[in-house]
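Below: one structure, written as structure tokens.
What you see below is based on every heavy atom in this structure, not just the backbone, and it leaves out hydrogens, waters and symmetry mates. Worth saying up front: this structure is predicted, and the values here are computed from it rather than measured.
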Amino acid sequence: MLKISDNVTIPAREIEISAIRAQGAGGQNVNKVSSAIHLRFDIGASSIPGFYKERLLKLKDQRITKEGVVVIKAQQHRSQEMNKEEALRRLQELIKSIAVSPKKRKPTRPTRSSQRKRLDSKTKRGAVKLSRAKVAD
């Protein structure tokens, strides 16, 4: 069972975990042992609340397929158990990241002094550039 928040948990049966051989250098350990973990989590078929599903599906993340399946591959560690924990941690972080709703932006106006400073700096810069111009005879 994966705990997302106090009232949201994902049952272990909804997360499909399979062991695969890791890629890259590593010699005998990589060639013989299936220590990498391939995690699959179907968003549509899961029991998480609806707004979690909507936000996850709207998320532009390369780990989420067009069919709405989160695919995470963990192969940093030598042991299968540590890679499994890493994959579950990444899934938990992904879901927690969309749980927090972004704050609404309050449109603000620049202050009078900041507007004046901006215009003063523009006129000064223009004067500097004008002084560099060729002198007409």
Under the rule for side-chain hydrogen bond (donor to acceptor under 3.5 Å, both in side chains), what residues qualify as partners of D61, not counting sequence neighbours? R63
S34 OG to Q80 CD distance, which is reported to the nearest 0.5 Å: 7.5 Å
With hydrophobic residues grouped by side-chain heavy-atom distances under 4.5 Å, do V71 and I17 end up in a single group? no
As an exercise, state the distance from CG of L59 to CD1 of I43, rounded to the nearest 0.5 Å. 8.5 Å
Interatomic distance, Q75 atom CD to M82 atom CE [nearest 0.5 angstrom]: 14.5 Å
Can you spot which of I64, L88, L91 makes a side-chain contact (heavy atoms from CB on, under 4.5 Å) with F41? L91
Check: I95 and V8 side chains under 4.5 Å, non-hydrogen atoms: no
Mind checking side-chain hydrogen bond (donor to acceptor under 3.5 Å, both in side chains) for Q62 and listing every partner two or more places apart, or none if nothing turns up? none
Residues 38-55 vs side-chain hydrogen bond (donor to acceptor under 3.5 Å, both in side chains), sequence neighbours excluded, gives E14-S47
Closest non-hydrogen atom pair between S35 and A22, with its separation: OG-CB, 4.2 Å
In the single-linkage hydrophobic clustering (I, L, V, M, F, W, Y; side-chain heavy atoms under 4.5 Å), do V69 and I20 co-cluster? no
Do R132 and V128 make a side-chain contact, defined as non-hydrogen atoms from C-beta onward lying under 4.5 Å apart? yes
Salt bridge or not between R89 and E85? Use side-chain N to carboxylate O under 4.0 Å. no
Once rounded to the nearest 0.5 Å, what's the spacing between atom NZ of K124 and atom NZ of K117? 11.0 Å
Calculate, to the nearest 0.5 Å, the distance between atoms NZ and NZ belonging to K58 and K60 respectively. 10.5 Å
Can you check whether I37's main-chain N or O pairs, donor with acceptor, with N83's side chain at less than 3.5 Å? no
How long is the span from the CD atom in Q115 to the CZ atom in R112, to the nearest 0.5 Å? 8.0 Å
Are the side chain of R90 and the backbone of K73 linked by a donor-acceptor contact shorter than 3.5 Å? yes
Could you go step by step and tell me if I4 and Q92 meet the side chain to side chain contact (heavy atoms under 4.5 Å, CB included) rule? CA-CA 6 Å; I4 305 302; Q92 186 178 28; 4.2 Å; yes
